[in-house]
Every structure is written in C-alpha cells, then in structure tokens.
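FYI, side chains are in, hydrogens and waters are out, and symmetry mates aren't considered; it's all heavy atoms of this structure. Predicted model, so just to flag it, every value in this text is computed and none were measured.
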Amino acid sequence: MKRNEIDAKYKWNTEELIPSVEEFKIRLKQLDKNINFSVYKGKLNNVKTIKDCFEKMYSLYSELELLSVFAMFKRDEDGTNPLGNELTCLVEEVSVKFSTEVSFIDPELSKLGKEKLAELASSSELKDFELDIKKIIDFLPHILSEETETVLSLGGKVYSGYDDAFSMLDNVDLDFPTIKVDGKKVKVTHATYSLLLQNKDVLVRRSAFKSYYKAYFKVLNTITALYKGSVDKDVFFARVRKFSSSLEKALFAEEVDVKVYDNLIKSVHKALPVLHRYIADRKQILGRNIHMYDLYVPITENADLKLDYEDAFELVVKGLAPLGEEYRELLYKAKNERWIDVYENDGKRSGAYSCGAYSAKHPYVLLNHNKTTHSVFTIAHELGHAMHSYFSNKTQPVTKADYKIFVAEVASTVNEILLIKYLIKNSTDKNVKKYFLSYYLDTIRTTLFRQTMFSEFEEKAHAIAEKGEPFTKESLNSIYLKLNKKYYGKSVVSDSEISYEWARIPHFYRAFYVYKYATGIISAIAIAERILNGGEKEVKEYFDFLSSGCSNIPTELLKLTGVDLLDGDAMEMAFKSFEDALTEFEKLI
C-alpha cells in the first residue's frame, strides 16, 4: 500500500513538530549559525559561566533533538521517498558540529577536580545541571584530553553508520519473496512474517520461515561485516575509555551494576527447565516434534484477537483501566490528536516504536498494525513508552527528563501485563482462557527468556572481538545455534536457518540494549501485581516513577514502585508467575 492511500487520521501529525520541510531547513540553518561555544572555552571555572554554557547547550540540544526527530519520522514513514534521507543527512551534519563544539565541556570541567565539582553540583544556581556535573565526577577516570575528545566527537557520523546501513538494507533493499497462502500470492514482509508464522497450516509456516531467512542468507556476508564493524566500534570505545569490557562501558553509561546483567543470565539458566516444560506441552498439543516456525502458532482454535485498529484500541483502554481516569484520557488524546502512525505502507520502517522530543507537545508512536493479538499488545506496549515520556517531560526539566534505557521497557511492559491479566480474568470460555494463558506464557518466553538469550549472544559476540578471535558468520552462527538449543531444549528442532537469526535483529546495533527487555518484564510483573492487588497508593507510586525521568539512578527509581532488582526477589517473582500460569494452563489441556 502506498502511503498516500492511507486515511490521514491513521497517520501521525508531524506538522505539530515542524509545520513544513521549508521551515525545517530554515531552523536547521539558524541552529547551525548558533553553534559556537568559543566564548566559554578556557573559562569554565565559575558558577555563572558554567550555568550560561549549560543553558545554551541545552537550548540548542532541544532544537537539534526536535529537528532530528522530524527528519527520522520522515525517513521511517517511507524509506522509498528520498526526502527522509535528505533531511537526515542534513541534520546529521549539524549534529556532528554540535557534538564537536561541546566536546570541550567535560574535559575542561574535569580539570577542576572532584572536590570542586562536588561543590558546584551542590550549588543552588546549578541545581538543574547537578546530574551533568555528577556524571563528570563519576566519569573522571574515563574522560580523555580535550583534543582526543574533539577527535572522537568528529567521528559521530561514522560510528552511527552501521546501524543506518543495516536499517536501509533491512527495510528497503532486502528482496523478500512471495509465497502461496490458500492459493493466493502473499509477499513475505517484516509485518506479514509474524502473521504467517501464526497460520494453522504448517506448510505455510515452513514456507514463510524458509523464504524469510533465505533473503537474509543471500546477504549474510554483508550483514556480518556490518555487525563486525558495530562490535569493533564498541570494543574501540571501551578500550579508549579505559573500561575492562564493552559490557562494562555500556552499563556504566546507564548507571547499572554489571551484577544485574550477570544475575539475569544466571537466573534464567536456573529457570530453563520450566521453559522446557512449556515447550514440551506445546509439542504434546501439536502432536509432533516442533520446529522454530511452530513456536508462534496458536495452540487453541478460534481464540486469536483479530481486531481492526479501532476495536483493538478500545480493548487496550479497558485493560489499562486500573491506571485511572487521567491515564485513560491521555490514551484517547494520543489517538484523536494523531500521535500514532498506524498502518504499514511501502517503504515504512518495520516494527514499532515510540519517540519524541522534549520541546514537542507530546511523543509519537509508529505501528504496523495487523489483525492479530500481537498487534493489540503492541498498541499497549508503545503507548506505555509514550506515557512514560509524556509524564517525565511534563514533570522534569530538560536536564532530567530523558529516562535511562534501563527503565525504558518497564512502563511499556506494565501495560502488556495489565492487559493480559484483564483478558485472562474476564475469559469465561475455557478455550479462550487457555489461549490467553498461553499468550502470557509466550510473552514471558519471548520477552524474558528470548531477550536474555539475545543478551548472552551479544556478550559472547563482543568477547570474540575483545579476544581478537575470528569474527565470522560461521563463528556467530555456531554461538547462536548452541544458545538456541540450550534455551529451547530437546522438544524443538533447531532448524539450520535459525543459526543466523542474529542477522535480522536490529537491536544488536545498539549494544547491550535487549537485556533491558528482560529486566523490564521482571519489574513490570511486580509493579502490575502491586497495582492490581493494591489501590490508589500503588497507582500514585507508579505515576511517581513515570514522572521521574532520570532524576536518580535507575535501580533507585524502580524502588519507588517497590521493585529492587539487586536483591533477586523480583526475578524469582517473574519465574513464579510463569510457573503458576503454566500450571493453570496445564489444567486446561
């Protein structure tokens, strides 16, 4: 479908960001002229100058963020239109200039020493910038000379190139084939693939699976080169910044203890037998050995939610009712005021996301809606992101509004848990209840277990590069296939194609991101249970979290909701929830 064939009410209103491309170019040019910090260089030694410098930096940053988001939206809504790429290239040039101009700030402030910086951080005049100064204190061992910092900032466009190149290959250039479904030709795309894997005909699932991966196999050498470059970049920065590993550097930036990552993997390994038990149940229901393309087919008949967008949205609103009237009104505001880009069109970025800018009126959501249960939950998920951003931006100053990625998946997953709990509770039909229990089990399987498997793969892939071992498609395929067999157990046939599933995961170009999906669902299960079993107090505590931005370190912010990821109880609660649901499910089969 062409983008101009979609009703305007189902397309996001980017004119609220910037009215026109012409104004975008005018504002970008003006921003470019204003990026000059020479007046501050060598003078960041007193409160007034530091405050003026930070205020100018954040003012320009807010405008740059707005322009960048607008350009990204234009690119993502239709990659076949060269306009999006043109605007993205223009804003990237200015972004590099901005990064270069402000690169002196941290090195210069770091020369003041820990004691002086601590004094500045406690100054009432610099209250809005206390986190920036505290980060410099924490980062002192890793800050380089001004000259080196400038050189590194100049490479901004180069470093982001791997992600951009993979995105273009994955969303525009990959040649996906067509297959026959019920005698009709169906093109296998990112959006239709997940739908085809739920088809009750095993031959359709198998054909879709093999056709989809064949497209990746044809360009596997190219993708391997792209991923190697991305990982080498991570290793380079870790070493330059004097971290012991890429993992340590990534988690340091998020203010998360590496123990959280290690404990997650260890805890999941311990819980794998209950996952294998669920996979064995699926095998029993299907009556044969199951393949990777059988893991998403519904194991109950006529229970999938085949809802159009309007009905799906209404169901989401009902499921999120425990969050109160204010939340409900915001959901409708997002729908009616066109925060959301709903349907797939030619050239549109696959998947879904929520994104925005601090100076914008609200965040935006990109969807590719299909009539599946998964698409219903995607609406809930992405609106969770949007509401988190909305409340943080509304409550916090620009310096403290941008919450860490570590907690970014919590609000989205709370919405999913509340929705599935609503559906299970209100299902009177045995078959439907069994379906939703299975959906809940699959949500935990894919969000906790599978994302942890991805995380373990990332750690092993980076270890190859850090040790200087051969980083080849063969080595990556071998690592991935072993992990797949370990996580899914003996009841699943690990088809050869699954060995290069890693090649289609876009999140791998944002190193050590995916583990946060796992910690996110662990936190979300605990939060949802507290809300459902509590009252106004628990909802208020959750809203305090949504409004907290990055005003404290992530693990401390989660404690506002009663979740402590460092003591292990939350992880045990998630696995118990999985096992309890599995036991209830087994009583119905």
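In summary, the aromatic rings of Phe508 and Phe166 are positioned with their centroids too far apart to meet the 6.0 Å limit. Side-chain rings of Tyr480 and Phe457 approach one another, their centers coming within less than 6.0 Å. Taking the six-membered ring for Trp, His362 and Tyr364 have ring centres closer than 6.0 Å. Between His507 and Tyr517, a ring centre-to-centre spacing shorter than 6.0 Å is recorded. Between Phe176 and Tyr212, the ring centre distance stays below 6.0 Å.
With values rounded to the nearest 0.5 angstrom, Asp164 atom CG is found 12.5 Å from Leu169 atom CG. Annotation: the span from Leu418 atom CG to Glu416 atom CD amounts to 10.5 Å, rounded to 0.5 Å. Between Leu367 atom CG and Asp341 atom CG the span is 8.0 Å, to the nearest 0.5 Å. In this structure, OG1 in Thr300 is found 12.0 Å from NZ in Lys430, a value given to the nearest 0.5 Å. From Leu87, atom CG reaches atom CE of Met72 across 13.0 Å, with rounding to the nearest 0.5 Å. For the atom pair CD1 (Ile340) and CD1 (Ile379), the distance works out to 7.5 Å, reported to the nearest 0.5 Å.
With Met453 as the fixed residue, the side chain to side chain contact (heavy atoms under 4.5 Å, CB included) test singles out one of Val514, Leu483, Ile265: Leu483. Of the options Leu383, Leu330, Leu546, a side chain to side chain contact (heavy atoms under 4.5 Å, CB included) to Tyr390 is made by Leu330 and by none of the others.
Inspection of the Ser412 and Glu409 side chains reveals an N or O donor paired with an N or O acceptor under 3.5 Å. Inspection of the Trp12 and Glu77 side chains reveals an N or O donor paired with an N or O acceptor under 3.5 Å. For Thr373 and Tyr435, the side-chain atoms include at least one donor-acceptor pair closer than 3.5 Å. Between the side chains of Glu456 and Tyr487, a donor-acceptor pair is found at a separation under 3.5 Å. Checking Asp442 against Tyr296 by side-chain atom types alone, no donor-acceptor pair falls below 3.5 Å. No hydrogens or angles considered: a donor-acceptor pair under 3.5 Å links the side chains of Ser494 and Asn484. For the residue pair Asn370 and Ser375, no side-chain donor N or O sits within less than 3.5 Å of a side-chain acceptor on the partner. Residues His369 and Glu344 have side chains that never bring a donor and an acceptor to within less than 3.5 angstrom of each other.
Contact check for Lys11 versus Tyr343: no side-chain heavy atoms found under the 4.5 Å cut-off. The shortest distance between side-chain heavy atoms of Phe73 and Cys355 falls below 4.5 Å. Taking the side chain as every heavy atom from C-beta outward, Met168 and Asn85 approach each other to under 4.5 Å. Residues Ser194 and Thr372 are not in side-chain contact: their nearest non-hydrogen atoms beyond the backbone lie 4.5 Å or more apart. Proximity of Leu272 to Phe449: side-chain heavy atoms (C-beta onward) are separated by under 4.5 Å at one or more points. Contact of the Leu323 side chain with the Asn415 side chain is registered, since non-hydrogen atoms from C-beta on lie closer than 4.5 Å. Under the 4.5 Å side-chain criterion, counting only non-hydrogen atoms from C-beta, Leu247 is in contact with Tyr261. Counting only heavy atoms from C-beta outward, the side chains of Ile521 and Ile417 approach each other to under 4.5 Å.
Proximity of a side-chain donor or acceptor of His385 to a complementary backbone N or O of Ala408 within less than 3.5 Å is detected. For the pair Lys318 (side chain) and Tyr422 (backbone), a donor-acceptor distance under 3.5 Å is absent. Remark: the backbone N or O of Leu295 is paired with a side-chain donor or acceptor of Arg445 at under 3.5 angstrom. Distance alone, capped at 3.5 Å, places no donor-acceptor pair between the Glu382 side chain and the Val365 backbone. Under the 3.5 Å distance criterion, the side-chain polar atoms of Asn199 are left unmatched by any main-chain donor or acceptor of Leu196. The closest donor-acceptor contact from the side chain of Thr446 to the backbone of Thr443 lies under 3.5 Å. Judged purely by atom type and a 3.5 angstrom limit, Lys433 uses its side chain to pair as donor or acceptor with the backbone of Ile424. Panel note: side chain Ser207, backbone Val204; no donor-acceptor pair is recorded below 3.5 Å. Distance alone, capped at 3.5 Å, places no donor-acceptor pair between the Asn13 side chain and the Arg338 backbone.
Remark: Lys210 NZ is packed, more than 12 non-hydrogen atoms of other residues, nucleotides or ligands lying under 6.0 Å away. Counting heavy atoms of neighbouring residues, nucleotides and ligands inside a 6.0 Å radius, atom CG of Asn533 exceeds 12 of them. More than 12 heavy atoms of other residues, nucleotides or ligands sit less than 6.0 Å from atom NZ of Lys187. Counting heavy-atom neighbours within 6.0 Å of Lys283 NZ, excluding the residue itself, gives a total above 12.
Using a 4.0 Å cut-off between a side-chain N of Lys or Arg and a carboxylate O of Asp or Glu, Lys576 and Asp580 qualify as a salt bridge. A salt bridge is absent between Asp262 and Lys266: the closest approach of a Lys/Arg side-chain nitrogen to an acidic carboxylate oxygen does not fall below 4.0 angstrom. Under 4.0 Å is where a charged nitrogen must lie from a carboxylate oxygen, and between Lys333 and Glu337 at least one such pair does. Glu586 and Arg277 are joined by a salt bridge, as a carboxylate oxygen and a charged side-chain nitrogen come within less than 4.0 angstrom of each other. Asp163 and Lys233 are not joined by a salt bridge, as no carboxylate oxygen comes within less than 4.0 angstrom of a charged side-chain nitrogen.
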Can you give the donor-acceptor pairs under 3.5 Å from side chains of residues 309-316 to other protein atoms, not counting sequence neighbours?
from, atom 1, to, atom 2, distance (Å)
Glu310, OE1, Lys335, NZ, 2.8
Glu310, OE2, Tyr10, OH, 2.9
Glu314, OE1, Tyr332, OH, 2.7
Glu314, OE2, Tyr332, OH, 3.3

Would you be so kind as to tabulate the donor-acceptor pairs closer than 3.5 Å made by side chains of residues 213-222, with sequence neighbours excluded?
from, atom 1, to, atom 2, distance (Å)
Tyr213, OH, Arg504, NE, 2.9
Tyr216, OH, Asp170, OD1, 2.5
Asn221, OD1, Lys473, NZ, 3.1

Quiz item: Which is it for His291 and Phe209 under the ring pair (Phe, Tyr, Trp, His ring centres under 6.0 Å) test, yes or no, and what are the steps along the way?
Solution: CA-CA 10 Å; His291 291 253; Phe209 177 83; 8.6 Å; no
Quiz prompt | Stepwise side-chain hydrogen bond (donor to acceptor under 3.5 Å, both in side chains) check, Thr224 with Tyr500 | solution = CA-CA 10 Å; Thr224 301; Tyr500 47 92; over 6 Å; no
Practice problem: Decide yes or no on side-chain hydrogen bond (donor to acceptor under 3.5 Å, both in side chains) for Ser267 and Asn263, but give the supporting numbers first. | Solution: CA-CA 6 Å; Ser267 296; Asn263 288 340; over 6 Å; no
Quiz item: Do Asn368 and His190 pass the side-chain hydrogen bond (donor to acceptor under 3.5 Å, both in side chains) test, and can you show the C-alpha distance, the side-chain angles, and the key distance before you say yes or no?
Solution: CA-CA 9 Å; Asn368 282 279; His190 293 303; over 6 Å; no
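Contact detail for Leu448 and Ala518: the closest heavy-atom pair is O-CB, 3.8 Å.
Between Tyr403 and His388, the ring planes are parallel. Angles under 30° get that label, and only those over 60° would be called perpendicular.
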